[in-house]
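Protein chains get the first letters and strands the later ones, always in sequence-line order, with residue 1 at the start of each. Predicted model only: the values in this text are computed from it and were never measured.
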4 protein chains.
Amino acid sequence: MSQIKIGQVGLGRLGKVHAGNIVNHVKNAELYAVTSVVEEELVYAKESLGVEKCYTSYSEMIEDTDLDAVVIASPSGFHSVQITQALEKGLHVFSEKPIGLDLEDIQQVVENINDNQDKVLQLGFMRRFDESYQFAKESIQNGDLGKITTMRCYGIDPSTGLNSFINFAKSSASGGIFLDMSIHDIDLIRWFTGSEFKTVYSLGNNIAAPELSECDELETGACLAELEDGTIAYLLAGRNAQHGYHVETEIIGTEGMIRIGNAPEKNLVTLYDKNGVVRPTSSHFPERFKAAFINELNAFVNAINEKEASTVTGVDGLKSTEVAIAMQKSFEQKKIIKL
Amino acid sequence: MSQIKIGQVGLGRLGKVHAGNIVNHVKNAELYAVTSVVEEELVYAKESLGVEKCYTSYSEMIEDTDLDAVVIASPSGFHSVQITQALEKGLHVFSEKPIGLDLEDIQQVVENINDNQDKVLQLGFMRRFDESYQFAKESIQNGDLGKITTMRCYGIDPSTGLNSFINFAKSSASGGIFLDMSIHDIDLIRWFTGSEFKTVYSLGNNIAAPELSECDELETGACLAELEDGTIAYLLAGRNAQHGYHVETEIIGTEGMIRIGNAPEKNLVTLYDKNGVVRPTSSHFPERFKAAFINELNAFVNAINEKEASTVTGVDGLKSTEVAIAMQKSFEQKKIIKL
Amino acid sequence: MSQIKIGQVGLGRLGKVHAGNIVNHVKNAELYAVTSVVEEELVYAKESLGVEKCYTSYSEMIEDTDLDAVVIASPSGFHSVQITQALEKGLHVFSEKPIGLDLEDIQQVVENINDNQDKVLQLGFMRRFDESYQFAKESIQNGDLGKITTMRCYGIDPSTGLNSFINFAKSSASGGIFLDMSIHDIDLIRWFTGSEFKTVYSLGNNIAAPELSECDELETGACLAELEDGTIAYLLAGRNAQHGYHVETEIIGTEGMIRIGNAPEKNLVTLYDKNGVVRPTSSHFPERFKAAFINELNAFVNAINEKEASTVTGVDGLKSTEVAIAMQKSFEQKKIIKL
Amino acid sequence: MSQIKIGQVGLGRLGKVHAGNIVNHVKNAELYAVTSVVEEELVYAKESLGVEKCYTSYSEMIEDTDLDAVVIASPSGFHSVQITQALEKGLHVFSEKPIGLDLEDIQQVVENINDNQDKVLQLGFMRRFDESYQFAKESIQNGDLGKITTMRCYGIDPSTGLNSFINFAKSSASGGIFLDMSIHDIDLIRWFTGSEFKTVYSLGNNIAAPELSECDELETGACLAELEDGTIAYLLAGRNAQHGYHVETEIIGTEGMIRIGNAPEKNLVTLYDKNGVVRPTSSHFPERFKAAFINELNAFVNAINEKEASTVTGVDGLKSTEVAIAMQKSFEQKKIIKL
């Protein structure tokens with residue numbers, strides 16, 4: 001196994017998770033370089049992670065001919081350009097979702113990806129690398145659930161982050177709750193059913209955060225969708241789970257039902273105290289998907305070493321973005337949208 | 001406390017539950033008479049329940065001047081007429097839902113009820129009398145959840161009953177899955193939120209029972225609804241739960257979330273066996289709502305004795321039926337229906 | 001079914017549970033008379049329960065020739081005498097445990113019981129009438145667990161009652177934690193295994209309530225026992241469960257394991273709040289065993305009406321008391337006791 | 001961080017876990033050499049793990065001056081000698097428990113360890129590195145449970161391994177169930193309470209595996225112990241859990257109770273199928289403690305790099321072995337043993 005030299009762009013919250021994992025947990029990889037426009041983040045990379053090559057320009061970083069791959073964890077607006085630039089330099093690419101903000105851009109990126117089939121291109125749909133999701137996927141492939149009839153996907157961020165989102169929303173555009181959050185669930189539904197979305201109908205409210213209405217954002221977004229194979233799917237995205245980070249996925253089949261994360265249990269501890277019988281819960285995504293984030297980077301590095309294609313492709317990024325945009329449009333226009 | 005003499009019409013599955021409860025569990029009541037057109041049911045009433053007055057005609061039964069009240073558990077099509085007849089005879093009425101099949105009928109019944117305010121009229125929305133639902137209701141009234149933002153209601157019948165429903169559906173009309181099953185959930189949503197439905201949008205499929213498509217019935221029906229106060233509600237009705245009788249209700253509020261029946265646990269037993277860690281589940285509605293069925297009849301008898309109005313009124317029956325009919329229409333016309 | 005006229009002695013906490021159940025929930029029975037030396041309790045019986053015949057003397061009450069049966073819920077020291085007196089008057093007897101405080105007394109009572117085989121004598125081991133315990137019993141009888149190898153029984157009273165117990169202990173003798181509390185678990189172990197205790201070894205501590213050491217009482221008592229059939233049993237009794245009333249029973253067999261009351265869940269509600277995922281718990285024995293208390297009296301009344309023997313006999317009372325006394329002795333003498 | 005060169009002896013089931021982790025998951029370490037007397041195991045090391053230096057003699061392996069540390073996963077009888085030899089060569093040592101089979105040996109090893117304070121010596125009590133145990137430890141240190149009053153520790157191996165253990169027991173000595181299995185629980189009790197064992201009293205049976213009686217082994221061993229600080233502890237070891245690998249630890253304190261592994265849940269998946277509501281469980285120790293095994297080796301490697309002492313010392317090995325031997329003696333002599 002050769003040691004893969006990685007250059008990462010973006011060292012925000014999720015960026016730090018990836019960078020830390022490359023340094024401490026991904027065996028055949030090295031965090032060779034980083035790019036950030038935030039001074040403190042570069043200091044962090046140098047001092048806490050021991051990275052020597054620190055850049056403020058992505059274009060400069062990818063000039064380094066020792067690089068094997070990039071990890072893109074920059075703001076969403078940069079993804080499409082940075083993916084394209086990296087591919088042109090002959091680099092393997094791991095990119096956070098979405099691969100672009102509008103469909104034209106994404107289409108272009110997908111074409112670029114298709115033109116570089118010898119490069120590994122992997123999107124950060126980390127849930128697919130979570131052991132619970134993998135257990136469910138295998139169980140479904142074994143036929144344990146029969147045919148899928150209905151799915152339900154919840155992605156609710158912890159209340160602890162609500163105020164900071166409100167502040168963010170006042171000055172920046174998240175793309176809307178469906179593009180920002182539901183996209184992971186859209187990917188899961190496509191992954192589990194192997195089918196594509198046919199129609200979507202969305203509702204939303206801001207009962208828990210009336211300020212968000214002023215900036216055209218939603219605290220709660222819900223969608224009832226039909227897939228091409230007839231499966232009915234319900235998606236709920238929210239920003240106010242008092243008990244932590246609630247990602248739950250339910251698959252109902254003709255022979256049984258599976259729930260992943262019925263409760264986002266933190267570990268195997270149960271407390272019996274004055275509140276009753278309590279299972280502590282995961283507080284945020286780095287905690288809930290700690291192992292999945294490590295696994296997805298290991299998969300990326302292995303794919304490079306083994307010269308195999310990634311299982312999370314550019315088309316997955318394109319399709320899920322299309323659906324998310326339709327969900328947002330349905331909410332705005334108060335009508336059923338066909339895909 | 002005086003002993004209330006009850007005449008019951010209908011001794012099918014649910015009828016037997018009520019009759020058995022009156023005989024064995026409802027303290028200040030007596031099963032004085034029964035009406036059924038099924039010979040075996042009358043034999044059962046006489047021999048197993050010790051009822052002496054057995055009729056084949058409801059009209060005859062309610063001529064008996066010793067009667068205080070009727071319990072109506074006949075097929076849905078008879079409810080509106082039988083309620084009206086009983087009220088005319090000055091009897092208190094406990095009736096299973098729905099109070100009628102079409103809105104005109106129901107409107108008429110509600111008027112008749114309003115003209116007989118001194119009589120107790122109670123509808124069989126037994127879930128309101130389940131201790132878990134009452135605990136949740138109280139918790140919400142205490143403000144533990146803050147303001148309600150979203151609800152989710154599942155009512156999925158056990159797979160064990162699917163074939164018999166298919167046979168039934170070939171010859172009879174159930175009124176559709178929403179009127180037949182979702183009506184309990186509609187009532188719960190109205191009860192918990194204190195708000196009325198504004199729009200509904202429904203989907204359905206028969207992946208688990210293709211035969212049902214031939215008789216215009218659904219195995220799975222789903223609906224995304226908006227309430228007047230902005231609450232978003234998702235309702236799922238089904239006829240194929242492999243693990244038993246799955247009734248689950250979720251209320252998400254600004255301060256927390258409650259789930260009732262996350263799993264329909266049969267009791268406090270946990271098995272640790274070759275399947276893993278297993279909680280046995282309720283197999284059918286008489287098991288899941290055993291205590292609720294007793295409680296609702298006790299409440300009915302107490303209301304008569306205490307000369308108080310019932311808490312489950314004719315208007316509750318009217319409103320929930322209106323919504324169920326709209327849900328069915330939405331599915332058939334593939335569009336969003338406004339109420 | 002004839003209406004059984006019951007006279008009850010004792011209207012303390014448990015007495016009120018029984019009396020209320022006879023009045024409100026036990027169908028073929030009437031609370032015909034009560035005896036108490038506490039004025040307020042008689043007022044309660046008269047006003048809240050509508051009992052007309054109120055006595056301050058048990059001997060006088062049982063002179064009433066209309067009585068069919070007595071329910072004995074007086075302090076433990078009176079049980080043996082009151083059982084004997086009732087049997088002499090030809091009355092059926094439901095008595096709370098224990099049937100006596102010392103073994104000689106109990107032996108005498110058991111003889112009296114044996115001389116009155118036509119009378120129903122039932123002891124208040126209500127757990128046998130709890131649906132979870134009955135489910136487990138049936139499962140074991142079906143062979144689902146194979147042969148029993150180990151049992152574990154927890155009976156831990158809620159912390160909310162600890163101070164009142166400390167006050168009680170300063171002036172009265174409870175008989176020790178094993179006789180006071182473990183006796184229910186001893187009965188369950190005998191009931192599930194069908195085997196008798198061979199050896200017991202007990203420990204205890206008062207870390208949670210040092211004051212109890214001064215009055216020779218224990219907050220926590222533990223016992224490791226061996227049964228004649230080789231089963232190993234662990235019993236834990238305590239008075240300080242912060243989360244409520246914790247009664248838990250585990251049966252490990254060669255083919256699987258069952259836990260009853262892994263957590264004493266109050267109902268089917270789950271809260272998702274700032275504490276995590278919370279199942280509310282039963283706060284005290286009247287709540288946890290609400291239905292069991294009703295069931296045991298129904299069984300008593302049915303046994304009288306059907307002229308059948310009770311399933312909870314005087315011998316059960318004798319044997320369990322013997323074991324509890326041995327457990328106490330083991331703790332006091334710091335040695336293994338053979339039975 | 002320098003790359004630690006590790007030589008491992010023993011490539012049985014647990015050995016393979018360690019070796020695989022060093023190769024794939026422990027970032028600053030390299031599996032430089034292995035020793036095994038089993039031909040297939042060396043082939044495995046060479047082909048599957050890519051280890052170049054393969055020995056059949058431990059003494060030869062530790063002659064290699066490039067080695068930094070050894071991982072000892074050989075049969076228990078070799079531990080004390082191999083630890084001593086490694087220390088003499090100036091190597092850091094990670095050794096599986098126990099550090100010896102008889103107390104004299106162990107005492108000698110502990111002295112050798114004490115004479116080599118500059119070397120990291122870590123014992124394989126991996127449970128301390130499991131995140132659930134660490135969460136509980138921290139919670140207790142924060143005072144959430146108040147003072148500890150009682151502990152309960154279950155360690156039950158899966159039924160799937162029972163036959164192979166019976167075969168093993170016919171020809172080899174395991175040291176007895178308490179030394180073989182309870183030692184992990186003894187360590188946990190010492191770790192959580194910070195107190196030492198005062199008395200132990202053990203029972204055992206072979207109801208699930210009568211053949212084991214012929215070779216003086218136990219399928220089930222149970223022990224009731226008292227600690228110096230008054231804590232009561234119950235330990236149960238077994239070899240026949242139908243549902244998988246059941247390691248459960250309960251800590252009851254004056255302010256609450258914690259259970260770790262109430263059920264050995266495999267992941268966050270819940271199945272709702274014909275068996276009821278099912279949580280799949282861990283099948284064996286490599287699955288249940290997958291992350292803990294990685295964590296403990298990372299801790300070992302970090303301790304070497306940071307020149308810090310390990311937190312799992314030779315004294316921990318000595319003390320826990322003393323207690324396990326006393327537990328075995330108590331069972332054999334049918335009496336309470338003082339430590």
(request) Indicate the atoms forming the closest heavy-atom contact of D/Pro264 with B/Val277, along with that distance. (result) CD-CG2, 4.4 Å
(request) Counting only heavy atoms closer than 4.5 Å, note whether B/Asp273 contacts chain D via side chain, backbone, both or neither. (result) backbone
(message) I need the residue from D/Lys266, D/Gln242, D/Lys274 with the largest number of non-hydrogen atom pairs under 4.5 Å to chain B.
(response) D/Gln242
(request) Please say whether more than 12 non-hydrogen atoms of neighbouring residues, nucleotides or ligands are located less than 6.0 Å from NZ in D/Lys290. (result) no
(request) Tell me, yes or no, whether the heavy-atom count around B/Lys147 atom NZ, taken from other residues, nucleotides or ligands under 6.0 Å, exceeds 12. (result) no
(request) List the atom of D/Val278, the atom of B/Asn275, and the distance in Å for their closest heavy-atom pair. (result) CG1-O, 3.1 Å
(request) Rounded to the nearest 0.5 Å, what's the gap from NE2 on D/His243 to OG1 on B/Thr270? Could you check? (result) 11.0 Å
(request) Please round to the nearest 0.5 Å and tell me the distance separating atom NE2 of B/His246 and atom OH of D/Tyr272. (result) 6.0 Å
